[in-house]
Every structure is written in C-alpha cells, then in structure tokens.
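Data block below; observations after.
A, B, ... follow the sequence lines: proteins, then strands. Residue 1 opens every chain.
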2 protein chains.
Amino acid sequence: MTGAAPARRTRRHDPHRRDRLIDAALAVIAEHGVAGTTHREIARAADVPLGSMTYHFDGLDDILAEAFTRHTESIARVFDERLTAARTRDEAVEAVVTLVADDLLSPGHDLILTVELYVAAARNPRLKAVTQAWMQRSRDALVRHFDPTTAREVDALIEGLTLHSALSTDPMTPAQIRHAIERYLR
Amino acid sequence: MTGAAPARRTRRHDPHRRDRLIDAALAVIAEHGVAGTTHREIARAADVPLGSMTYHFDGLDDILAEAFTRHTESIARVFDERLTAARTRDEAVEAVVTLVADDLLSPGHDLILTVELYVAAARNPRLKAVTQAWMQRSRDALVRHFDPTTAREVDALIEGLTLHSALSTDPMTPAQIRHAIERYLR
DNA sequence: ATTACATGTGTACGCTCGTACGCATGAGCA
DNA sequence: TGCTCATGCGTACGAGCGTACACATGTAAT
C-alpha cells in the first residue's frame, strides 16, 4: 500500500516532457533556490512521477546546466538583438538603458536566477562555462558600439545595478538606472 | 563500538569555542558554499564534536547569521575607517579605489562569501537584515564625501566590479578597477 | 570538601535526498 | 496484426542531514 491511490492519470506519450521539465526546474530554482532544488520538487512542479527524472536527465547537475543554459540564452538573445539593431552610439546607449531598466528589472524577470547561477557556478565547472559564455556574449555585443575598456566597465556597472536592485528593499527606479548608465556612457 | 577510538582528546574547558565555531563556519561557507555547510562540516573544521553545535547555537540559521554578521562587520569597519580618514574628495576617491582594488580583491579576501550571502539573504529574513545593514553602512560612509545619488551609483559600481572579478577567469587588474572608479568619480 | 551548574560529548531518531532498477505500456514499424 | 523498444512509472536502498537528549565532567561558589 502506497497510500491513497494517486489519481491514476494515464499520461503516457508526453512528447515535450523534457522541455517542460527544464521550465519546471527554472521555476523551482527561482522559488526555492538551487539549494532547494531537488528531483522530487521539479517532478512535483511539472506533475510528473519521480522516476521520470532519472530517465530524462543524467543527474541534478545535468538539469541545472540545461535550465541555466536556457535562461541565459534567452537573455543573451534579446541583448544581442537590441544592440545589433542600434545604428549610432546614442542608440546603443538607449538600448542598454532600456535593457536594464525595462527588461532585467521588470517584475516578470526573475533576477534572483542570475545570482543563483553565479553562486552555483563558483563550484560547478559546467555552470561556470555557462556563465562565462554568457558574459562573453554580452561583452561582445557591447564591443560593437564601445571600446573594449568601456564595454567591460559598463558590463560590470550593469551587473552591480541589477544585483543591487534585486536585493534592496528600496530598488532603484528606472529613472535612476538611466541616470547611472548615461552618466557613465555619455 | 563506534569505530576506531577517535583520539581521546580531553579538550574540556574551551573558552573561545563559540568564536572558533563562527570562524570555522565562515571557512566552511567559503569552501563549500552555504548549501554545503552543515553542522557536521563545521564541527569537523573546528575539530569539535557534533553535539557541541547544538549547545552553542539554536540551529543552522543561527550560525549562518552570526558568521555573516562577523564577516560583513569586519569589512564595514575598514570601509568606515578609510572614508572617515579621508579629508578631501580626492582622498575619498583614492580610499574607494584602494578598498576595492587592494582589499576586496586581495587573494586572502573571500569574495565568494559576499555572493553566498546575497543568495542566502534572498530567502532568509535574518540574513536579509544583515545584508541591508551592511549596504546601508557602506552607503552612509560614501555619503560623507559624495552626494546621495553618486553614492548609490558608485556603490552599485563597486558591487559589479567585485562580483565580476570574483567570477571571471580573467579578473580585472587593480589598474582596471582604478580606471573604472576614477572615470566615474572624477 | 561539597555542591550546583555551565559546558562538553556521544549517540540515536526520523526525515529527505539522489539514484537505481524492474516492470508496464503504447507508438511505430514490418 | 504482431513485435519491439523507447518511454513512462513505482518503489526501494543507502547515505547524510538536523536535532534532541541523556550522560559526563570540570569550575567556581560555598
């Protein structure tokens, strides 16, 4: 006896299960942190039996790597597109401001995921690679409009502004973000 | 039988044990992360029996809070002193540069502890209070020499610079740090 | 010297975890 | 139709965890 019969679903044939599991993993990380992310928690979030985790992934590290890869790539893509579209330096500055103030700090965007990635990457080589690929990509995008030194510095500034806002009870307003970036770039 | 007799120390009467445990906790956090920090790991690091943890602390949260409080206060103290000693704005800029380039980024300084604190604080109210007290204190120190907007912005910049350096395989040099800060403040 | 109590120590309990693995099942192909 | 195997499912196992708690011991007050 395993307890009350668990609502016998007959959910065979679930083609995008792997994808759904990766999304569920991101949701769990955002809610409970990497430390609170377990096979069981992800399975519960995706409404899938525990045994399914072993089948689709090689282990927890595997899931984390796939989840964070998806997360960073979706950010990097937007970053790339906006900066590629910019034609002048002023447009590039505007693109950066918009990205940070409107996208990274928008309520729907789970800023905490980024910090979680950083910490996890400190001790997980695979996640470190994910982090670095991402940093490289955003710096490459910046270098198209700014000299390498400026690109690196503004990259760090963006990091600090978002992190600061993510953790403060009194987050910076979009106007303050704009002021800080423009002060640096104009 | 518990296994090989564990080197019968007679270590009774250990007056600063609590202090040593807090230091050991910081060492364990730096090495294994908050997620890998357990009573047993700290006890091992301090060479103390497991039972001692229960006696000296109310739980793991209690230890973490005390450890991070010690960590942030030791940084804040230096920050305060240096900025209080500065008499002119130029001296204040110099103090900030030195703090970041020489202290925060020095090899002995465990930068990763800061990031660990941030992540842990996101889900632990007590640690959130520790983080905010620290941020407030460093901003107060900056406000003695810079206007509030500048103080807040440079605070974020420092955050980004140190974080960036902590995670990159190609960390910024002290000269690059100096360049970034001076560009912003002069 | 006796006592009281703060401190130190060892161990046990119940829990959750990652992972392995045997069995079930149904989709796609011959 | 019948076969086959990728996929799905349930459960079990051993390990490590936080915590509680009974007992030991040394200090300091009387």
Given atom CG of B:Leu21 and atom P of C:dT7, what is their separation to the nearest angstrom? 13 Å

Please give me every residue in residues 51-60 of chain B whose heavy atoms get under 4.0 Å of an atom in DNA chain C, ordered by residue number. B:Gly51, B:Ser52, B:Tyr55, B:His56

In whole angstrom, give the distance that lies between atom CZ of A:Arg44 and atom P of C:dC17. 7 Å

When the distance from CG of B:Leu64 to C1' of D:dG18 is rounded to whole Å, what number comes out? 13 Å

If the cut-off is 4.0 Å, is B:Arg17 near the phosphate of C:dA6, judged by side-chain N/O to OP1 or OP2? no

Who are the side-chain hydrogen bond (donor to acceptor under 3.5 Å, both in side chains) partners of B:His179, not counting sequence neighbours? A:Glu153

Rounded to whole Å, please give me the gap between CD1 in A:Ile63 and C1' in C:dC17. 13 Å

Can you list every pair that meets salt bridge (Lys or Arg N to Asp or Glu O under 4.0 Å) and has a residue in residues 96-112 of chain A, with sequence neighbours left out? A:Arg82-A:Asp103

Check salt bridge (charged side-chain N to carboxylate O under 4.0 Å, His left out) between A:Asp19 and all other residues, then give those that pass, not counting sequence neighbours. A:Arg70

Side chain to side chain contact (heavy atoms under 4.5 Å, CB included) partners of A:Ala35, counting only residues at least two apart: B:Ala35

Between C:dG8 (C1') and B:Arg18 (CZ): distance, integer Å: 15 Å

Mind calculating the distance between CG (B:Leu50) and C1' (C:dT11) to the nearest angstrom? 9 Å

Of all of residues 120-131 of chain B, which get a heavy atom below 4.0 angstrom from DNA chain D, listed by number? none

Can you sort out the partners of A:Gln132 under side chain to side chain contact (heavy atoms under 4.5 Å, CB included), two or more places apart, ordered by chain and number? A:Lys128, B:Thr169

Can you measure A:Ile42 atom CD1 to C:dC17 atom P for me and round it to whole angstrom units? 11 Å

Does a salt bridge link A:Arg123 with B:Glu116, judged by any charged N lying under 4.0 Å from a carboxylate O? yes

Under the side-chain hydrogen bond (donor to acceptor under 3.5 Å, both in side chains) rule, collect the residues that match up with B:Asp58, sequence neighbours excluded. none

Residues in salt bridge (charged side-chain N to carboxylate O under 4.0 Å, His left out) with B:Arg40, at least two apart? none

The criterion is salt bridge (charged side-chain N to carboxylate O under 4.0 Å, His left out); which residues satisfy it with A:Asp140, sequence neighbours excluded? none

Provide, to the nearest angstrom, the distance between the NE2 atom belonging to B:His16 and the C1' atom belonging to C:dG8. 17 Å

Please identify each residue that fulfils salt bridge (charged side-chain N to carboxylate O under 4.0 Å, His left out) with B:Arg44, with sequence neighbours left out. B:Glu41

Looking at residues 27-41 of chain A, who's got a heavy atom less than 4.0 Å off DNA chain D? A:Arg40

Does the side chain of A:Arg178 pick up a donor-acceptor pair with the side chain of A:Thr173 at under 3.5 Å? no

